[in-house]
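To start, the structure itself, in structure tokens.
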Amino acid sequence: MLESIHSPVDLRKLKRSDLPRLAADVRQCVLDNVSQTGGHLSSNLGTVELTVALHYVFNTPEDRIVWDVGHQTYPHKILTGRRERMPTLRQMGGLSGFPRRDESEYDTFGTAHSSTSISAALGMAIAARQKGESRHAIAVIGDGAMTAGMAFEAMNNAGIEDCKLLVILNDNDMSISPPVGALNRYLAQLMSGRFYSTAKNMGKNVLKGAPPLFELAKRFEQHAKGMVVPATMFEQFGFNYIGPIDGHDLDSLIPTLENIKHLKGPQFLHVITKKGQGYRLAEEDPVNYHGPGKFDPKVGLVPAVKPAKPSFMHIFGQWLCDMAAVDKRLVGITPAMREGSGMVEFHKRFPDRYYDVGIAEQHAITFAAGLACEGLKPVVAIYSTFLQRGYDQLIHDVALQNLPVVFALDRAGLVGADGATHAGAYDIAFLRCIPNMSIACPSDERECRLLLSTAYAQNHPVAVRYPRGAGVGVAAGTDLDTVPLGKAELRREGNGLCILAFGTLLYPALEVAEKLNATVVNMRWAKPLDEAMILQMASKHTCLVSLEDASVMGGAGSAVGEFLQKSNLLKPLLSLGLPDQFIEHGDPAKLMALQGLDATGIEKAILNQWPDIKV
């Protein structure tokens, strides 16, 4: 059946009785493809029926659907003309793992960071109203994404607007409601029906002439709903709450959505789904099947062979535990990224000093600032791309007050299959302009540990940035030694050319230096710069190269250039880093090579700039 569906237009031609079979086909298609490419699995298996129902009831793409985060949109991609391209998912030149406006007209808004859907859908709904167009805007948001303040800011705005906005809460962790049954199905259809809506509005009009009676009736309705559903909070925002209903029951979803189409004003539909639905192994272990690599669906995930080289994430997690063991002031904070940031062991060993604040980066940073004000030593483990979401708090609440907060920035640089939305390309540029901030760029595992300890020892905010995956395999050790703040390390002496390397690009720089007989400095710090070292290198060499796996505009190379200009040193400087463009998904090593940031590309760029350089 799925092979006959080339767009939602084909889907809407099917009989209602055909839809469960179609949903089964979509679920199998998701499983078959993710097992071959890797990607998000549990969340996508959980939204199959909801996706089918939305495209069946609403006139997409005329009606807009905004998928929050977007890591549950594989069924949506399959049903909107991209089924044959699913084997290219998250591969270079293939389908993105998230919605993209330039990929399909059905991807009405690009998402990948959490909790933006209600704001975007509200903008679309009001734009339709302002242009005199009759269409719906639907935001599908998970219960995890509802932990972010931005979602509630949008709801607060939406509740006073008369527009065709539907917010669907995809509750897949049973964190808000108890299991649903026949009574809730009946109530949802009743509350979304036109008879109920008309009677409710007539009652309002009649009772408004008698304010005490109107208020009494309003409270009675809220409390009556509250006896069986958690409606009160959402209705206080001005939404008409409907649900909860079974998000895998098409006989419940479709009639309810069809009723909602005819209601006026902002609507809130609460659906209960199960992560991993339809694939037993994912149902039983939705966390490990959230974003698996390639696997055999018949066998499932097999225990991973311990890698020969530990990842930077692992190095950070071990350091965090070791430092916590010797300093009771240390507290660890994560915005809903315990596994991704390497904090599982810390959580087990120090549960009273571990804080997962949910998808709330702004709160995480100001929370850390409050802890630091009282003499604690907070370490915020956060992806580079997500630190962007707390930028005001970083400046106003941490840096302006010069508070000793350590930011462990995982996923610095390019991240591979997750693509541009998750790239940590901008942290050096946006951090180095903030007074009181320092930025450490470890080159390998051992140095990562050294710089984390050094950052922790400071009495001001410090960010330590490190990439996804493993380094070159340097043993990290178990000590808590430190290095001087802002001091670089001379790694190789040569003639003519000096390469100033920031971070893990030190190792390709050393490889190039062997061929070109160049000097190499491991800069270690993007801020403060080791200005004495730069002056020394500028005086001894004819030309300089700065090298970083971050945005070249405003980055570490820019800092070197600014210092040379301030010092009236007119030395030729070639700054190599990530270009002024968003870099798409693909294998990280290939992506770096395409940007000329592998050893071959670095050597080529240097020789193009200075063909006559002495070797």
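Glu445 contributes no side-chain N or O that, together with a main-chain N or O of Ala475, makes up a donor-acceptor pair within less than 3.5 Å. A donor-acceptor pair is defined here as one N or O able to donate and one able to accept, closer than 3.5 Å; such a pair exists between the side chain of Arg446 and the backbone of Ala476.
The line from CD of Glu361 to CG of Leu387 is 9.0 Å long, rounded to the nearest 0.5 Å. Taken from CG in Leu95 to OG1 in Thr73, the straight-line distance is 10.0 Å, to the nearest 0.5 Å. The NZ atom of Lys275 sits 11.5 Å away from atom OG1 of Thr47, with the distance rounded to the nearest 0.5 Å.
You'll find the side chain of Tyr466 stays beyond 4.5 Å of the side chain of Thr504, heavy atoms only. Annotation: side chain of Leu485 is in contact with side chain of Gln458 (closest heavy-atom distance under 4.5 Å). In this structure, Tyr106 and His76 have side chains that are in contact, with non-hydrogen atoms separated by less than 4.5 Å. When side chains are defined from C-beta on, Tyr391 counts as touching Ile434, because their heavy atoms get closer than 4.5 Å. Within the 4.5 Å cutoff, the side chain of Val167 has no heavy atoms near those of the Leu169 side chain. Residues Thr519 and Arg492 have side chains not in contact (no heavy-atom distance under 4.5 Å, counting atoms from C-beta outward). The closest side-chain heavy-atom distance from His585 to Ser96 is below 4.5 Å. The shortest side-chain heavy-atom distance between Leu89 and Met86 falls under the 4.5 Å cut-off.
The closest side-chain donor-acceptor pair between Ser546 and Ser575 falls under 3.5 angstrom. Between the side chains of Asn172 and Thr273, no donor N or O sits under 3.5 Å from an acceptor N or O. In summary, the side chains of Asp549 and Gln595 do not present any donor paired with an acceptor at a separation below 3.5 Å, with no hydrogens or angles considered.
A salt bridge links Arg491 and Glu489; the closest N-O separation between the charged side-chain nitrogens and carboxylate oxygens is under 4.0 Å. Checked for salt-bridge contact, Glu103 and Arg85 miss the test: no charged N lies under 4.0 Å from a carboxylate O. Using a 4.0 Å cut-off between charged nitrogen and carboxylate oxygen, Asp107 and Arg100 do not count as a salt-bridge pair.
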Validation: residues 117-124 side-chain donor-acceptor distances under 3.5 Å, sequence neighbours left out:
| unit_1 | atom_1 | unit_2 | atom_2 | d |
| --- | --- | --- | --- | --- |
| Ser117 | OG | Asp68 | OD2 | 2.5 |

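Counted within 6.0 Å of CD on Gln565, heavy atoms from surrounding residues, nucleotides or ligands total 12 or fewer; the atom is thus considered open. The 12-atom threshold is exceeded at CD of Gln581, counting heavy atoms of other residues, nucleotides or ligands nearer than 6.0 Å. Within 6.0 Å of CG in Asn608 there are more than 12 heavy atoms belonging to other residues, nucleotides or ligands.
The side-chain hydrogen bond (donor to acceptor under 3.5 Å, both in side chains) analysis of residues 307-318, with sequence neighbours excluded, yields the pairs Gln318-Asp322. Within the structure, side-chain hydrogen bond (donor to acceptor under 3.5 Å, both in side chains) contacts touching residues 406-424 (residues at least two apart or in different chains) are Arg90-Asp418, Tyr383-Arg411.
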Side chain to side chain donor-acceptor pair (under 3.5 Å), that's the test. Do His290 and Ser43 meet it? Break it down for me. CA-CA 7 Å; His290 172 72; Ser43 54; 4.6 Å; no

Could you go through the side-chain contact (heavy atoms from CB on, under 4.5 Å) check for Ile395 and Leu400 one step at a time? CA-CA 6 Å; Ile395 295 174; Leu400 185 62; 5.5 Å; no

Could you walk me through whether Glu447 and Asn522 satisfy the side chain to side chain donor-acceptor pair (under 3.5 Å) test, starting with their C-alpha distance in whole Å, then the side-chain angles of each, then the deciding distance to 0.1 Å, before giving a yes or no? CA-CA 11 Å; Glu447 195 162 75; Asn522 175 22; 2.7 Å; yes

Show, in sequence, the C-alpha distance, side-chain angles and deciding distance for Asp356 and Arg338, and conclude whether the salt bridge (Lys or Arg N to Asp or Glu O under 4.0 Å) test is met. CA-CA 7 Å; Asp356 183 344; Arg338 185 186 71 155; over 6 Å; no

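Listed here is the closest heavy atom pair of Ala423 and Val415: N-CG2, 4.0 Å. In terms of heavy atoms, Pro508 sits closest to Asp598 at CB-C, 4.4 Å.
Note that Lys377 lies in the cation-pi zone of Tyr456, set by a 6.0 Å cut-off to the ring centre and a 45° limit from the axis.
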